[in-house]
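Presented below is the structure to which this report refers.
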Amino acid sequence: MSFLPDESLDIPGLAPPPRSQPAPAATDDPLLAGLNPQQRAAVLSRADALLIVAGAGSGKTSVLTRRIARLLRDRELWPSQILAITFTNKAAGEMRERVGQLIGHEAANGMWISTFHSACVRILRREAQQFGFTQAFTIYDSADSRALIKRIVKDLQADTLGLTVSAAAGKISRLKNELIDAEGYSRQLNPNDPTEVMFLEVFRRYSAELARANAFDFDDLIAQTVYLFRAFPQVAALYQRRFRHILVDEYQDTNHAQYALIRELTRAVEPQHVPADTRIETDATGGIPAAALTVVGDSDQSIYAFRGADIRNIVEFERDFPGAEVILLEQNYRSTQTILDAANAVIGNNFDRIAKNLFTEVGAGDRIVGFTGYSQHDEAQFVADEIQKIHEQGVPYNQIAVFYRTNAQTRALEEIFIRSALPYRVLGGTKFYERAEIKDAMAYLIAVANPADALALRRILNTPKRGIGPATETALALHADQLGGTMRDALGDAAALGLGPKVTAAILDLSGILDDATATIDTALVPDVLTAILERTKYVELLRASRDPQDEARAENVEELVAVTREFQRNNPEGRLVDFLTEVALVAAADDLDDSSGTVSLMTLHTAKGLEYDAVFITGVEENLLPHQMSASEPGGPAEERRLFYVGITRARKKLHLSLAMTRSTFGDTQVAAPSRYLQEIPTELIDWRDAPGMGMRSTSSQRSLGTTRSGREQFSYGTSLPLGKPKTEWANRVTATVRDNGDLTLAAGDRIRHVDFGEGRVTTVTGTGPKSIAEVQFESAGRKRLLIKIAPIEKI
DNA sequence: TAAACAATGTTTTTT
DNA sequence: ACATTGTTTA
């Protein structure tokens, strides 16, 4: 998909397409086959505003795609008149695919199905020149925003007033999500509070710098589109005329700016903005009526209040859109009744919600498996062992997922998974693009695409080292101000600065490299632009020549980026540099999920939204983690954490595992962890608690071990088993840190070994070859384990 | 300029 | 505990 404005907006099909044939009778319409009455109603409704309250697993994607398919097949609309907003790019791709499967891919061509951010980028790229930006604007991610704010805070010495970078960044983001700009803030602040006045100055400068750099931050993408529509009604009218049916998924997680955007798009077009030759049906006054709106959501799954999502958007939908129809989908087609009972029980503890009870016809299924480990590594080992067991029962790895509250929890899981030779991948934590060398290379591309971007230019000014220090940088910035131009202009005019000949030559060299590359971007392939820059700057070459051993890996990462651009070009033959930069800026954690990869998926509970797996593990179900400590002080925090747990539970189709650890180390020291309050909310008969090895002595009290006594103080205790009855196999809160290398140790079935944690055991089978050979070992007390021979802490005895 | 050392923050979730 | 960032020193 191209973001460049080469696609005509005033499409020929502005009039409804002629109806070819009457729609099949509802009874034998294949698009309605297999739907329950509520789902059917949701597909068929022609209300101007429709709210589908879709409980978890209630087949909402199916309903949405069939609804779209029916609109298109029966020629009620052209594809280009449909705008569908999804939560991730991956969901957008799936929805497009499924509509295509239903009515043919050609018939579905031209729909806009994308995330809020992608849709806004597409609009902004087309309309940027209307308000002082160019089509090549940069999208600043949170790190970029922070970098810019950091410089401003430093310049203004705002930190002396206790204004930190993260506080300022968070506040700016929140204000933008509320559609409040710096001027709006100036009207509401307390002028006697110096910190607020200082913050206003930071906010002002930040906004000015963004505009000057021809850049939008994440929040701007939405907020500035709203601003554009409000300031330029004739521009808004273009889109209001074009989109006749708007669908929004995950409506419970929209923030105010997104809500406002939908309101703007679903405004009726005033007669003066209707062209004389329009073929859309006009009303009595000559205007065009508002587009139809379908929203889908579930307030029980609202988990993004922290980034401004406003649950009122869905709760007050009927008030916002009078005459709206509401359809409730409660039948679940995903999970077993046991899993749903647990989910219903947990979410039932949130008051102030519309009662909703998920049910299914598939039967009770297996009990939920609970496990309490001694440490996070013990817990991780349970997860690994259990996954292995489930896998042997025929569940493929890619149908298994492990969820956690915080990204930091991946560490213990990864350590154990590697040892157990379990194929896994971690979703999110987009580390690749956060690496310094990748950011450098990306900064070159951004500077080439958007010459106004001073932030990108500053980053590469002296990378690789070319003798352009902070003093020269300041001089260049100053010179840009004097010229009334951009920093890039100042670069080309470096001779006028009267600097030393060496520095001047270095600046002009860089200027030439960037200018030459900029000249090619409208036609050149993305990998060619990147390799040309890397060649001329000798970036990779210098890394390879470096004495720092880590630089070799950095060079490889940059080569990997080249491979990424090739991959992009293969998927988007028409894509240009700007398209590549857009795609990189807007990838979501769940987007790089590859269903065909035969691996277990690890992700945060937030990332898990909208996904489903045969077997789900929710780890770290402890107080201060789930609910997270930070949420306690926030209004609505614990309730939102409960919804998060609910989202996690309802991802599971057949098997659900809940696990926790008795101790967990954070920040270096180890603390005793208490079971989450949410565990008590699940009826005990639904959970099959499995104790860690050595916990047998207190098995009678295993339910009590869940902790919290009714009455206060002594909130929780593991009895005496924790300090006293420590079994030999207990895991310390530290896994042997150093990466072991057993060299070419070879084992065969029948060999006896000793393992640091599991004790003695006998090898039953060996699979794989070389460094990847895996031994299956029957331990005397710890059970059966799979070990990666090369790195396992074992010795032959 | 680089290396050595100290200080600091990180762990809430993300487009 | 660990990694990144800033500061001092050679």
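Just so we're on the same page: letters track the sequence lines, and every chain starts at 1. Note that the structure is a prediction, hence the values are computed from the model and not measured.
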Item to complete: Verify salt bridge (Lys or Arg N to Asp or Glu O under 4.0 Å) between A:R664 and A:E622, making sure each step is shown before the conclusion.
Response: CA-CA 10 Å; A:R664 189 169 293 272; A:E622 298 153 25; 2.7 Å; yes
Item to complete: Evaluate the side-chain proximity of A:Q409 to A:L625: yes if any heavy-atom separation is below 4.5 Å, no if none is.
Response: yes
Item to complete: List the atom of A:Q135, the atom of A:A128, and the distance in Å for their closest heavy-atom pair.
Response: N-CB, 4.2 Å
Item to complete: Kindly point out which of C:dC2, B:dT15, B:dT13 is positioned nearest to the side chain of A:H606?
Response: B:dT13
Practice prompt. Apply salt bridge (charged side-chain N to carboxylate O under 4.0 Å, His left out) to A:E567 and list each qualifying residue two or more places apart in sequence or on a separate chain.
Written response: A:R570
Discussion item. For A:Q381 and A:E379, which I'm curious about, is there any donor-acceptor pair between the side chains at under 3.5 Å?
Written reply: no
Worksheet item: Out of B:dT12, B:dT11, B:dT14, which nucleotide sits closest to the side chain of A:T607?
Response: B:dT14
Worksheet entry | 4.5 Å side-chain heavy-atom contact, A:R405 and A:T619 | no
Worksheet, complete the sentence: Closest to the side chain of A:H117, out of B:dT12, B:dT14, B:dT15, is B:dT15
What does the list of N/O pairs under 3.5 Å between the protein and nucleotides 6-10 of chain C look like, with a distance for each?
{"residue": "C:dG6", "atom": "OP1", "partner": "A:K150", "partner atom": "NZ", "Å": "3.1"}

Practice prompt. Represent DNA chain B in dot-bracket notation, 5' to 3'. Only Watson-Crick or G-U wobble pairs with both distances under 3.5 Å count; pseudoknot-style crossings use [ ] and interstrand partners use |.
Written response: ||||||||||.....
Fill in: Separation of B:dT13 P from A:M603 CE (nearest whole Å)
15 Å
Discussion item. Ignoring hydrogens and geometry beyond distance, is a side-chain donor-acceptor pair present between A:Y259 and A:R263 at under 3.5 Å?
Written reply: yes
Discussion item. Nearest to the side chain of A:F306, heavy atoms from C-beta on, is which of B:dT12, B:dT11, B:dT14?
Written reply: B:dT14
Would you tabulate the pairs of protein nitrogen or oxygen atoms and nucleotide nitrogen or oxygen atoms of nucleotides 1-4 of chain B closer than 3.5 angstrom?
{"residue": "B:dA3", "atom": "OP1", "partner": "A:R547", "partner atom": "NH2", "Å": "3.4"}

Fill in: Atom-pair distance (CG on A:N177; P on B:dT14), nearest Å
16 Å
Response to the item:
Whichever of A:L644 and A:R146 has the more 5' nearest nucleotide on DNA chain B, that residue is A:R146
Fill in: Aromatic stack A:F116/B:dT15: centroid gap under 5.5 Å, interplanar angle under 30°
no
Discussion item. Within the 3.5 Å criterion, strictly below it, is a donor on A:Y433 or A:D141 matched to an acceptor on the partner's side chain?
Written reply: no
Worksheet item: What pairs with A:N349 under side-chain hydrogen bond (donor to acceptor under 3.5 Å, both in side chains), at least two apart in sequence or on another chain?
Response: A:E681
Response to the item:
In whole angstroms, the gap separating P of B:dT15 from CD1 of A:I139 amounts to 14 Å
Item to complete: Measure from CD on A:Q629 to C1' on B:dT13 and round the result to the nearest Å.
Response: 15 Å
Worksheet item: Quick one: which of B:dT12, B:dT14, B:dT15 gets closest to the side chain of A:T115?
Response: B:dT15
Worksheet item: For A:T604 and B:dT14, is the shortest distance between a side-chain N/O and OP1 or OP2 below 4.0 Å?
Response: yes
Worksheet item: Are A:R651 and A:F403 in a cation-pi setup, meaning NZ or CZ lies under 6.0 angstrom from the ring centre and within 45 degrees of the ring axis?
Response: no
Worksheet item: Roughly, in whole Å, what's the span from NZ in A:K609 to P in B:dT15?
Response: 11 Å
Worksheet entry | A:F218 CZ - B:dT15 P separation (whole Å) | 8 Å
Item to complete: Check whether the side chains of A:S118 and A:T115 place a donor and an acceptor atom closer than 3.5 Å, and report yes or no.
Response: yes
Worksheet item: So does A:N407 get a side-chain nitrogen or oxygen closer than 4.0 Å to the phosphate oxygens (OP1/OP2) of B:dT13?
Response: yes
Worksheet, complete the sentence: A:R411 CZ to C:dA1 C1', in whole Å, measures 8 Å
Response to the item:
Side-chain contact check for A:Y304: nearest option of B:dT12, B:dT14, B:dT15 is B:dT14
Item to complete: Can you tell me, in whole Å, how much space there is between the C1' of C:dT4 and that of B:dT11?
Response: 16 Å
Fill in: Rounded distance (Å) that lies between atom P of C:dA1 and atom CD of A:Q376
13 Å
Worksheet item: Between B:dT12, B:dT11, B:dT15, which one does the side chain of A:A408 approach most closely?
Response: B:dT11
Discussion item. Applying the salt bridge (Lys or Arg N to Asp or Glu O under 4.0 Å) criterion to A:K609, which one of A:D300, A:D298, A:D253 satisfies it?
Written reply: A:D253
Item to complete: Using a heavy-atom cut-off of under 4.0 Å over every strand shown, decide if A:S631 touches base, sugar-phosphate, or nothing.
Response: nothing
Discussion item. Going by ring pair (Phe, Tyr, Trp, His ring centres under 6.0 Å), name the residues that satisfy it together with A:Y424, two or more places apart in sequence or in a different chain.
Written reply: A:F417
